[in-house]
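None of the values given here were measured: they were computed from a predicted structure.
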Amino acid sequence: MQKTNTKKLTQQEITQYTIRFWKIIIGLVAFVIILIFSIGLGLFGKIPSFRSLENPKSNLASEIISEDEVVLGKYFVQNRSNVNYNQLSPNVLNALIATEDIRFYSHSGIDFKRTFTILFYILQGKKQGASTITQQLALNLFAGHERAQNPFKRTIQKFQEWITAVRLERYYTKEEIITMYLNTVDFGAYNSFGIKAAAQTYFNTTPAKLTPPQAALLIGMLKGPSYYSPIRNPERAIKRRNQVLANMEKAGYLSESETEEFQGQGLNLSFHPANFNEGSAAYFRAVLKKDIQKIFADQSITKADGTPYDLDRDGLKIYTTINSKMQGYAEEAQQQYLKELQRQFNRQWGGRDPFKGKDMMNLLVQGMKRSDRYKELQTQGLSNDDIWKNFRTPVKMTVFSWKGDIDTTMRPLDSIKYYKLMLRNAMMSMDPQTGYVKAWVGGNDFEYFKYDQVKMGTRQVGSTAKPFTYAVAIGNNAYSPCYQVPNEPVCIDGWCPRAYKPIPGYLTLKKALANSQNFVTAYMMKQVGATAVATLIKKMGITSDVPAYPSICLGVFDASLYDMVGAYSAFVNHGVWTEPIYLTRIEDKNGNLLYEHKPKVVVALDEQTAYVMTDMLKAVVNQGTGVRLRYKYHFTNPIGGKTGTTQNNSDGWFIGITPKLVTGVWTGCEDRAIHFSATNNGEGANAALPVFALYMKKVYADATLKVPKGDFEPPRGGVNITLDCDAYSADAARPDSIAKPSVNTADKLNDNIKF
C-alpha cells in the first residue's frame, strides 16, 4: 500500500496563509474602493453633476395644447412626454415595483441583498437582473440607454450606475424617482417613449386610467419591448403580462380572483401609433412650428447655455387658442359637405377629358414636374423619355378620397389628373373680440396635401371684398345704406365690369351688397376712389398686395383666408381690428415662461360705420346671396355674411359673422384653370357656405361651448343711423342726381339719408 502524506501545517504557516488571505481581501477591497473613488472623480468617464441630475437630457416631445387643455399634437424625434406622480395610476406603480424592484421603498438606490442573491444565481449559471429601479433610471438618463458589452466596461458602467443611483436617492424622493423612470423608459417601436406615450399608443388612454391588465402589459414590455410587443408577438405579450399580474398578486396588490380574471382577458388594444399627421389641426401645427422657430430666432430666445431651443427635443409646452371641440366640428363639417360637392364637381365632366387642349396638357406636365416622383427619377439619371414612360406605367398606390384612403393600381400620370380634379377646402373660425382663433382647417388631409390654405396660401377673394368699398362710402363719405343707385353698367378709367344676373332698376346700397351687384359696387368705387378703399383694406389687416385699382372693389386681388377673417372681425368688433391670435404662450419643460403673445389692435372704422356694415351683412343672409342659411339650414338667429365667387368660378368663398364667431370658408382646385363650369355650383353660396352652416350647427348644438345666439351689440352711444330703408319714401331715397351727395344735396334729399 502507498503511504499517504499527512504533513500538518505549522502554526507559522497558518499565520502566513491567513495574513496572505487577508492581504488579498483587503487589497481587493482597497482596489474596489479606489476604483469606485476614481470612477466618482470621473477618471473612467464623466459622472453627472447635481445640475445634470436636476436637468437630465432626453428627447422630450413638445406638446401643442388647446384652450380647453387638450393635446392637439406634438413635435418630436421621440414621442416622449413627461407626467407627474399624481398622473400615474396605482396599477402602474404596483406592476413596476412587484416586477422590477420589490424593495424599492426600503433601499437607498442599491439593493445589496438582491445583489448578493443574484451573484449566487450567476455562480449557478442562472441569469438574473440585479439593477434596482433607481439604477435603471441612472442607466436610462446617463449611459446612452445601452449596456456595455465589454465585461470591463460593463463593470465600470455598473459602478457608475451605483454612484449615480445613490446620488439620485439623495437628491430626489422615491415618488420623483419612479416618475422619472417611467418618463424615460422605451416601449419599443411606434415612437413610444415614456409611459404617457405608451398608454396613448397601445390603449388610447392616459397613464392615470390604465387598468391592472393594461399596466401589466406595458410594464412587462420593459424586459424586451420588441420581443414582448403586443402588435408583433401577441402570444408572448399575453404570457409576459400574466407573469406581471402574478407578481402583483404575490406582492399583495391583487387578489387571487382578480389575477385569475385579468389573466383570462385578451389584449384589448386600442392601437394609435403616433406620427406628426396624427392628432387634430395638422395644418395649424405645421404653420405654428415655423412661427415659433421664427419667434425664437427674432427675439433671441435661447436656453441658459445659449443654445437654441429644439421643438422636437426640448419638451416645450405650447399653449394655443384653438378649441379642440370647435376644431373637430370644423373638420367634420368639411368632410361632410365636400363629399357631396366633389360628386357635383365630377358629374359636370360627363365622361369628358378635362385635360384636352394645349393649355391643360401643359398644366398636367407642370404638375408632373413638381411631383416627388419626377424629382426622384431625375436624380437617378433617367432621360425625359424614360421618365415619361415611368409616369405611364401603372403602379400600386394609395390615394386620398373624401370617403377615405383608397388602395389602387394607377398610372402616376393619372394620379396627377386625379389630384388636379380634387377640390381643396380651407376654413378658419375666430372670436372677433379677442382675436382668438378657435378652429383652423388648412386643407383636405395633411398627409396628402401639405400646403396650408388658411395663412400660407392666397387666392382671389371675389365679392367678399365688396364690403370694404361700402364701408369707405358709409364711413368716409357719409353715404346711407339706404342711398339708391341705378343698377346699370358703369366704367372707371376704361374699366367696365360685367355683372352676373343684374337686378334692374334702382337699388339701395344695402340691397346691392346683399345681392352682390357688381354695377352698384363699381359705381360706389367711382365715388370714393380706389386709394381710399385700398387704404382701408390694408388697415383691416390684409397683408398681401392690394394695388389701388378700381377693380379691387370686386375682389381681383389675392388674400389669405386668415387675413380676410381677421378683416371681417373688425365689423363685428365695433370697428377695431384685432390681430388673429393662435399662440398665447410657450413654457419650457419646467414651466418657465419663454414667450407670451401681445395682441395688436387697430381702430379701422368708427363704431357707427362698423355697426351699419354688420346690418348690411345680415341682409346678405336675410334676403340676399346667403339666404339659404335661412331656408335650407334653418338658422333663425342673427347671422351676417358675404359670399364670394371669382372669375370662371375658380374660387368659392363665404365669410359668416355672428356676435362671437367670425368664420371663413374657401373652396377651389389647386389650379384656377380647373373649376366649376356652372356658377350655380361654383358660387360661394354653394361651394363654401354649406361648410359654414354645418360647422355652426354643430357649434350651437354643443351647450358646453356656450356660444350665444343673440344679436350684434350696437354702439355704446346708440345707433344714430336709420337702417330700415322702408322708413324712407321712394322719392326721398332716390335722388334726382346720382352724383356723390354733398352736404347741401343730402339736406335737400332727406336729412336722415346723409349722416
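In this pair, Phe284 and Tyr582 present their aromatic rings perpendicular. The plane angle is above 60°, beyond the 30 to 60° band. Between Phe676 and Phe345, the ring planes are perpendicular. Angles over 60° get that label, and only those under 30° would be called parallel.
Nearest heavy atoms, Trp495 versus Cys553: CH2-SG, 3.8 Å. Residues Gly475 and Asp606 come closest through the heavy atom pair CA-OD2, 4.3 Å. What you find for Ser650 and Arg459 is that their closest heavy atoms are O-NH2, 3.7 Å.
Side-chain N or O atoms of Arg370 include none that pairs as donor or acceptor with a backbone N or O of Gly367 at under 3.5 Å. A donor-acceptor pair under 3.5 Å is absent between the side-chain atoms of Glu713 and the main chain of Pro659, judged by distance alone. No donor-acceptor pair under 3.5 Å is formed between the side chain of Thr658 and the backbone N or O of Ile639. For Trp402 (side chain) and Asn444 (main-chain N/O), no donor-acceptor pair under 3.5 Å exists by modelled atom type. Remark: the backbone N or O of Ser516 is paired with a side-chain donor or acceptor of Lys466 at under 3.5 angstrom. Judged by distance alone, the side chain of Tyr562 and the main-chain N or O of Pro580 form a donor-acceptor pair under 3.5 Å. Listed for the Asn477 side chain is no donor-acceptor partner under 3.5 Å among the backbone atoms of Tyr479. Looking at Asn515, its side chain never comes within 3.5 Å of a backbone N or O of Gln517 through a donor-acceptor pair. Not one N or O on the side chain of Glu447 forms a donor-acceptor pair closer than 3.5 Å with the backbone of Asp445. With hydrogens and angles ignored, the 3.5 Å screen pairs no side-chain donor or acceptor of Asn649 with any backbone N or O of His675.
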Next on the checklist: side chain to side chain contact (heavy atoms under 4.5 Å, CB included) for Val662 and Ser429? Distances and angles first, verdict last.
Outcome noted: CA-CA 6 Å; Val662 175; Ser429 186; over 6 Å; no
Checklist entry - Does the pair Lys511 and Thr508 meet the rule for a side chain to side chain donor-acceptor pair (under 3.5 Å), with working shown? => result CA-CA 5 Å; Lys511 185 172 183 178; Thr508 64; over 6 Å; no
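Heavy atoms from other residues, nucleotides or ligands lying under 6.0 Å from CG of Asp353 number more than 12. Applying the 6.0 Å contact sphere to CZ of Arg716 captures no more than 12 heavy atoms from other residues, nucleotides or ligands.
For the side chain to side chain donor-acceptor pair (under 3.5 Å) criterion with Tyr337, the lone passing option out of Asn686, Asn425, Thr667 is Asn686. Applying the side-chain contact (heavy atoms from CB on, under 4.5 Å) test between Ile542 and each of Asp563, Thr458, Leu536 identifies Asp563 as the sole match.
For the pair Lys697 and Tyr633, the NZ or CZ position fails the cation-pi test of under 6.0 Å to the six-membered ring centre and within 45 degrees of the ring normal.
Put simply, OH on Tyr329 and OH on Tyr700 are 14.0 Å apart, with the number rounded to the nearest 0.5 Å.
Between Phe446 and Arg285, the closest side-chain pair of non-hydrogen atoms is not below 4.5 Å. Counting heavy atoms from C-beta outward, Val612 and Leu723 have side chains that approach closer than 4.5 Å.
The existence of a salt bridge linking Arg672 and Asp558 is confirmed by a sub-4.0 Å separation between a basic side-chain nitrogen and an acidic carboxylate oxygen.
For Glu683, there are no side-chain hydrogen bond (donor to acceptor under 3.5 Å, both in side chains) partners two or more places apart in sequence or in a different chain. Residues passing the salt bridge (charged side-chain N to carboxylate O under 4.0 Å, His left out) test with Lys618, sequence neighbours excluded: Asp711.
Ring to ring, Phe449 and Tyr419 are close: their centroids are under 6.0 angstrom apart. Ring centroid separation for the pair Tyr695 and Phe692 does not come in under the 6.0 Å cut-off.
Using modelled atom types and a 3.5 Å distance limit, the side chains of Arg630 and Asn622 yield a donor-acceptor pair.
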